[in-house]
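Working notes for the structure below.
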Protein chains: 2
Amino acid sequence: MRASRTPVRRGAAMTTAAPSPRVLDHPSRDDIRLEGVLHALSDPQRLLIVRELARRAAELTCSDFELPVTKSTSTHHFRVLREAGVIQQIYRGTAKLNALRRPDLDTLFPGLLDSVLLAATRQEERSARGDSPSGGRVG
Amino acid sequence: MRASRTPVRRGAAMTTAAPSPRVLDHPSRDDIRLEGVLHALSDPQRLLIVRELARRAAELTCSDFELPVTKSTSTHHFRVLREAGVIQQIYRGTAKLNALRRPDLDTLFPGLLDSVLLAATRQEERSARGDSPSGGRVG
DNA sequence: CCCGTACTACGATGCTTATCGTACGAGGGC
DNA sequence: GCCCTCGTACGATAAGCATCGTAGTACGGG
């Protein structure tokens with residue numbers, strides 16, 4: 001079942017040879033749905049990816065992340081994030097660069113990404129301190 | 001599950017010391033997980049419930065919501081919200097009152113709930129105006 | 001031209017979940 | 001007492017999804 005498979009192209013029309021840009025399908029800004037974004041962020045691996053992208057504030061390749069899952073699963077998570085409109089992915093050579101779609105997200109849902117990132121950081125700090133349920137040192 | 005098949009006996013009348021009259025299990029504040037909250041909010045029905053609870057700023061019975069699902073499914077969604085720590089549920093007579101756990105959420109994840117609610121409102125306004133993709137207007 | 005690296009597609013698997021219908025318990029009104 | 005309403009539990013079902021392994025494509029370097 002090999003030779004008849006479609007080449008790489010995922011969204012682009014293959015009318016031309018499409019030499020350089022192996023383009024990936026991204027939702028346009030106005031197609032981004034809040035529920036989809038929340039769902040994308042509700043997975044620990046994906047939340048980790050997003051936090052790292054925000055922290056480094058740079059375009060990172062998929063292999064820059066050291067996730068405790070296989071590469072197949074990584075690919076899956078990156079795709080979910082991309083299709084939800086959270087990240088942007090572009091090929092460069094053999095690598096694929098990932099970047100947060102911060103401007104779009106901030107325009108659509110002001111403050112959402114920031115509060116999620118803050119919440120994730122606080123939660124991590126809390127558990128790092130040892131989360132005693134009845135202790136309640138918060139605030 | 002949590003309490004398995006506890007027959008929900010009313011506490012006062014029974015001869016045996018009924019431990020839980022009609023009390024529901026809620027996670028303590030420090031057990032609330034960001035991922036769980038995001039996941040709970042990523043379902044359209046549940047997001048609707050939360051928005052309505054925030055809008056009315058009151059305790060509402062389950063049947064105050066007119067969801068396009070059966071009662072069983074409603075119960076399911078309320079349970080998910082409760083177990084994620086998003087809402088609080090208490091029995092009063094035959095009804096069950098639902099309330100947002102806003103203080104807890106705001107303490108744990110400052111600004112998160114507000115930005116989700118704002119995002120939901122904005123998204124609704126956007127689609128009410130006719131959601132033309134690529135015709136974007138920036139705010 | 002061959003090979004290694006980066007990533008993907010496909011298929012499988014097992015878990016979660018959103019939904020329903022039905023039967024039932026708890027409380028209040030008559 | 002009887003029964004009605006509110007909500008639950010249980011079982012079923014179908015879909016979704018996180019994960020893996022394997023086999024494959026794309027690109028750049030020797």
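Predicted model only: the values in this text are computed from it and were never measured. Order of the sequence lines fixes the chain letters, A, B, ..., with proteins taken first and strands second; residue numbering starts at 1 for each chain.
In this entry the distance linking CD of A/Gln45 with P of D/dA18 reads 10 Å, nearest Å. Taking atom CG of residue A/Leu38 and atom P of nucleotide D/dC17, one finds them 14 Å apart after rounding to whole Å. Rounded to whole Å, the distance from CG on A/Asn98 to C1' on C/dA6 is 12 Å. As rounded to whole Å, 14 Å separates atom C1' of C/dG27 from atom CG of B/Leu97. Between the P atom of D/dA18 and the CG atom of A/Leu48 lies a distance of 15 Å, rounded to the nearest Å. Look at CD1 on A/Ile49: it is 12 Å from P on C/dC7, rounded to the nearest Å. Here C/dA26 presents its C1' atom at 13 Å from CG of B/Leu24, a figure rounded to the nearest Å. To the nearest angstrom, P of D/dC17 lies 18 Å from CD of B/Glu35.
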Produce a footprint string for nucleotides 12-17 of chain C: one letter per nucleotide, 5' end first; B if the base is under 4.0 Å from any protein heavy atom, S if only the sugar-phosphate is, - if neither. -----S
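Looking only at distances, no side-chain donor or acceptor of B/Asn98 sits under 3.5 Å from a matching main-chain atom of B/Gln89. Under the 3.5 Å distance criterion, the side-chain polar atoms of A/His77 are left unmatched by any main-chain donor or acceptor of A/Thr75. Between the side chain of B/Ser74 and the main chain of B/Lys71, no donor-acceptor pair closer than 3.5 Å is present. Panel note: side chain A/Glu59, backbone A/Leu97; no donor-acceptor pair is recorded below 3.5 Å.
The phosphate of D/dA9 has OP1 or OP2 within less than 4.0 Å of a side-chain N or O from B/Arg79. Residue A/His77 has no polar side-chain atom (N or O) positioned under 4.0 Å from OP1 or OP2 of D/dC17.
For A/Asp64 and A/Thr61, the side-chain atoms include at least one donor-acceptor pair closer than 3.5 Å. For the 3.5 Å distance criterion, the side chains of A/Thr73 and A/Thr70 qualify, holding a donor opposite an acceptor. In summary, the side chains of A/Arg101 and A/Gln88 do not present any donor paired with an acceptor at a separation below 3.5 Å, with no hydrogens or angles considered. Between the side chains of A/Ser28 and A/Asp31, at least one donor N or O lies within less than 3.5 Å of an accepting N or O. A donor-acceptor contact closer than 3.5 angstrom links the side chains of A/Ser115 and B/Ser115.
Annotation: proximity of residues 52-63 of chain B to DNA chain C (heavy atom, distance under 4.0 Å) is found for no residue. Residues from residues 65-75 of chain A lying near DNA chain C, meaning a heavy-atom separation below 4.0 Å, are A/Lys71, A/Ser72, A/Thr75 in numerical order.
Between D/dA18, C/dG28, C/dC7, one nucleotide has an atom nearer to the side chain of A/Tyr91 than all others, and that is C/dC7.
A side-chain contact (heavy atoms from CB on, under 4.5 Å) with B/Val80 is found for exactly one of B/Arg82, B/Glu83, B/His76, namely B/His76.
To the nearest 0.5 angstrom, B/Glu35 atom CD is 11.5 Å from A/Arg46 atom CZ.
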